[in-house]
Amino acid sequence: MSNLVMVCRRIWSTKTFHAAALTVFNAQLQFHRRPVLFNIVFQFKQTCFSSSKANSFQVPEFYSLNKKISYLIRTGRINEARELFDSTEHWNTITWNRMITAYVKRREMLKARQLFEEMPNRDIVSWNLMLSGYISCGGKFVERARNMFDQMPETDCVSWNTMLSGYAKSGMMDKAEELFNEMPERNVVSWNAMVSGYLMNGHVEKAIEFFKLMPKRDSASLRALISGLIQNDKLVEAERILLQYGGNVGKGDLVDAYNTLIAGYGQKGMAYEARKLFDRIPLCCDCGYSRRNVISWNSMIMCYVRAGDIVSARELFDKMVERDTFSWNTMISGYVQILDMKEASNLFSRMPEPDTLSWNMMISGFSEIGSLKLAHDLFKRIPEKSLVSWNSMISGYEKNEDYKGAMNIFLQMQLEGKKPDRHTLSSILSACAGLVDLVLGTQIHQLVTKAFIADLPINNSLVTMYSRCGAIVEARMVFDEMNLQRDVISWNAMIGGYAYHGFATEALQLFDLMKQCNVQPSYITFISVLNACAHAGLIEEGRREFNSMVNTHGIKPQVEHYAALVDIIGRHGQLEEAMSLINSMPCEPDKAVWGALLGACKVHNNVEMARAAAEALMKLQPESSAPYVLLHNMYADVGRWDDAAEMRTMMEKNNVQKDAGYSRVDSYC
DNA sequence: GTAGGGTTAG
């Protein structure tokens with residue numbers, strides 16, 4: 001029996017789990033009915049499958065009521081646990097405490113407090129639990145914790161340490177120090193809390209001083225110092241201390257500190273230093289093998305992936321004896337990031353138990369390279385779709401401008417009763433904007449419940465959606481309700497909406513307001529502002545804004561800005577200036593730039609320049625008939641019939657089809 | 001059943 005337990009534990013820890021193994025375990029479980037075995041199988045299921053599948057497991061009959069409660073709490077079924085708790089009386093103190101812990105962990109302090117008040121026999125653990133609950137809520141609750149601490153009938157080292165760490169986390173190191181000095185007895189946890197406290201608050205020297213003064217150190221002391229030093233950007237110091245003190249730690253595994261520093265190097269993209277450390281991880285005194293564990297390998301692979309060195313990452317990955325889901329996912333994410341998806345699929349198909357993350361990464365990867373069909377095929381195969389899976393698929397369609405596809409997935413999601421979150425709503429509102437579907441957009445708006453009412457991205461999407469659909473009043477209503485919760489995207493959406501629909505004055509007024517509110521405009525803001533100037537025929541204002549964009553805001557003008565400026569100047573009839581602007585542009589003029597000039601030429605009847613603009617357009621979009629037709633009409637208007645006929649011949653020669661409805665072309669005007 | 005930011009991915 002104990003062998004069986006060990007085998008189960010072993011397999012669980014490597015997470016190489018197969019359905020067949022589960023069948024065997026289930027059979028054993030039926031036979032032995034041992035809780036310990038049951039727990040292992042449960043953890044198994046939870047690791048390998050989604051939690052819903054694991055939760056479908058019935059609580060075993062042979063569990064005592066106390067055990068049932070802790071089982072339910074452990075699996076996150078707090079409400080069921082509470083129901084069971086309320087159904088009977090005479091619980092022991094440990095079970096009362098367990099129930100309180102559940103609420104404390106979820107920071108539901110009102111419920112925790114209520115139980116605490118009701119319980120017949122509080123012990124020191126009950127008090128400590130409440131203390132740690134208030135501490136983890138932070139802010140003003142720290143004072144509340146202190147009141148409680150002062151009222152406690154007795155205190156132990158845990159109470160003092162909890163209070164101490166509370167002060168440290170809230171940045172009150174003087175109070176923490178005071179407490180540390182008053183403590184009747186200190187243990188290694190007290191010292192560690194002080195060291196990390198100093199580091200959290202940026203007192204690096206003081207932390208090192210304290211660390212050196214410690215009467216006893218364990219691996220957590222070293223880890224706390226190392227991770228704190230990393231956060232304070234002292235990687236060299238961290239490595240020095242690790243090598244100096246690493247040989248001499250008490251309880252715990254030293255490799256954790258190495259792993260922490262390797263990961264720290266990874267965050268800074270320092271793969272070379274990380275690898276040097278990885279190779280220096282010492283040997284185990286007992287077995288003589290390196291102390292490296294699967295996390296060391298994973299962290300090192302991660303470093304390479306972050307540094308963009310996929311080859312070294314793969315080399316290490318192939319050398320691994322024992323890979324977990326994390327190793328596979330990190331490697332796959334590396335390939336997904338550089339987009340070459342072939343190798344990612346290759347690994348994915350070899351992966352023993354892909355989890356939701358693996359599936360979701362593959363979907364986003366395929367969407368990113370525009371392979372929506374592959375993404376969708378994969379999506380359909382996901383055994384249990386998480387919200388992230390749905391969201392990845394919807395945003396995949398949306399980003400590839402397949403708005404109907406996005407909408408279909410969303411409808412399917414609704415049918416399956418899945419609740420959308422902020423990501424879903426934001427993508428689907430963008431899809432409504434793309435489809436210019438006001439009815440659908442308004443319906444989605446109604447789905448935006450109280451929970452999302454102050455959500456910035458969602459409100460931005462709403463403004464964009466209403467703007468695009470031409471519902472300017474509704475857009476402005478959402479925008480106004482956002483009050484102080486606005487970012488540059490909100491302003492851009494609203495100004496852009498006004499500009500796009502020809503409300504130039506409103507666009508410019510809002511832009512003024514934006515500047516008054518000290519919001520830094522982006523290059524997108526200026527596209528809308530310049531377009532608004534063009535629309536309203538404000539040549540001086542347009543020139544001024546263009547210059548202020550470059551000189552005051554340091555924004556490099558893009559081709560879109562030039563197109564708008566050409567439009568502004570051209571509409572005003574200054575065609576020569578517009579042409580010389582195009583010639584002086586640092587970037588290649590695109591169809592919008594030439595289109596603006598051509599439109600201006602049409603309005604101001606400059607046939608020669610129109611010809612130059614049209615020819616440039618013909619090169620850029622050889623399939624479009626618009627420049628031919630427009631030039632043809634201009635020639636015809638001034639009676640240059642030969643030139644008009646030439647346009648027709650050229651169209652035939654270049655095999656350009658005349659678009660239906662283009663008998664009079666005003667598309668550039 | 002309580003105290004030390006315990007390590008890694010989208």
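In what follows, chains carry the letters A, B, and so on, assigned in the order in which the sequence lines appear, proteins first and then strands, with residues in each chain numbered from 1.
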Under 4.0 Å, heavy atom to any atom of DNA chain B: which of residues 310-317 of chain A qualify?
none
Which heavy atom of A:Ile301 sits nearest to which heavy atom of A:Met331, and what is that distance?
CG2-SD, 4.1 Å
Worked verdict on A:Glu368 versus A:Lys399 for salt bridge (Lys or Arg N to Asp or Glu O under 4.0 Å)
CA-CA 8 Å; A:Glu368 197 85 10; A:Lys399 294 227 170 76; over 6 Å; no
To the nearest angstrom, how far is A:Asn192 atom CG from B:dA3 atom P?
14 Å
When we call it a touch if two heavy atoms are under 4.0 Å apart, what does A:Met200 touch: a base, just sugar-phosphate, or nothing?
base
Specify the residues of residues 165-175 of chain A, ordered by number, for which at least one heavy atom lies under 4.0 angstrom from an atom of DNA chain B.
A:Ser165, A:Lys169
Can you tell me how far P of B:dT2 sits from CE of A:Met119, to the nearest Å?
14 Å
Atom-to-atom span, CZ of A:Arg217 to C1' of B:dG6 - whole angstrom:
18 Å
Answer with yes or no whether the side chains of A:Ser389 and A:Ser386 bring together a donor and an acceptor at under 3.5 Å.
yes
For A:Asn259 versus A:Ser299, what's the shortest heavy-atom pair and its separation?
O-OG, 4.3 Å
With a 4.0 Å heavy-atom cut-off, tell me which residues in residues 136-162 of chain A come close to DNA chain B, sorted by residue number.
A:Val158, A:Asn161, A:Thr162
State, without any angle test, whether A:Asn92 and A:Asn121 hold a side-chain donor-acceptor pair at a distance under 3.5 Å.
no
Inter- and intrachain pairs under ring-ring contact (aromatic ring centres under 6.0 Å, His included), touching residues 97-124 of chain A, at least two apart:
A:Phe116-A:Trp127
Sorted by chain and residue number, the side chain to side chain donor-acceptor pair (under 3.5 Å) partners of A:Thr356 (sequence neighbours excluded) come out as none
Establish, from distance only, whether the side-chain atoms of A:Tyr71 and A:Glu80 form a donor-acceptor pair under 3.5 Å.
no
Is it the case that A:Tyr304 and A:Arg275 place a side-chain donor and acceptor less than 3.5 Å from each other?
yes
To the nearest Å, how far apart are A:Met163 CE and B:dT2 P?
19 Å
Roughly, in whole Å, what's the span from OH in A:Tyr103 to P in B:dT2?
17 Å
Before we go on, tell me: are the rings of A:Phe180 and A:Trp160 under 6.0 Å apart, centre to centre?
no
So, applying side-chain contact (heavy atoms from CB on, under 4.5 Å) with A:Trp328, which one of A:Leu357, A:Leu347, A:Asp355 is it?
A:Leu347
N/O-N/O pairs, protein side and nucleotides 7-10 of chain B side, under 3.5 Å:
from: B:dA9; atom 1: OP1; to: A:Arg306; atom 2: NH2; distance (Å): 2.5

Rounded distance in Å - CD1 (A:Ile124) to P (B:dA3):
14 Å
Closer than 4.0 angstrom, basic N to acidic O: yes or no for A:Glu237 and A:Lys234?
no
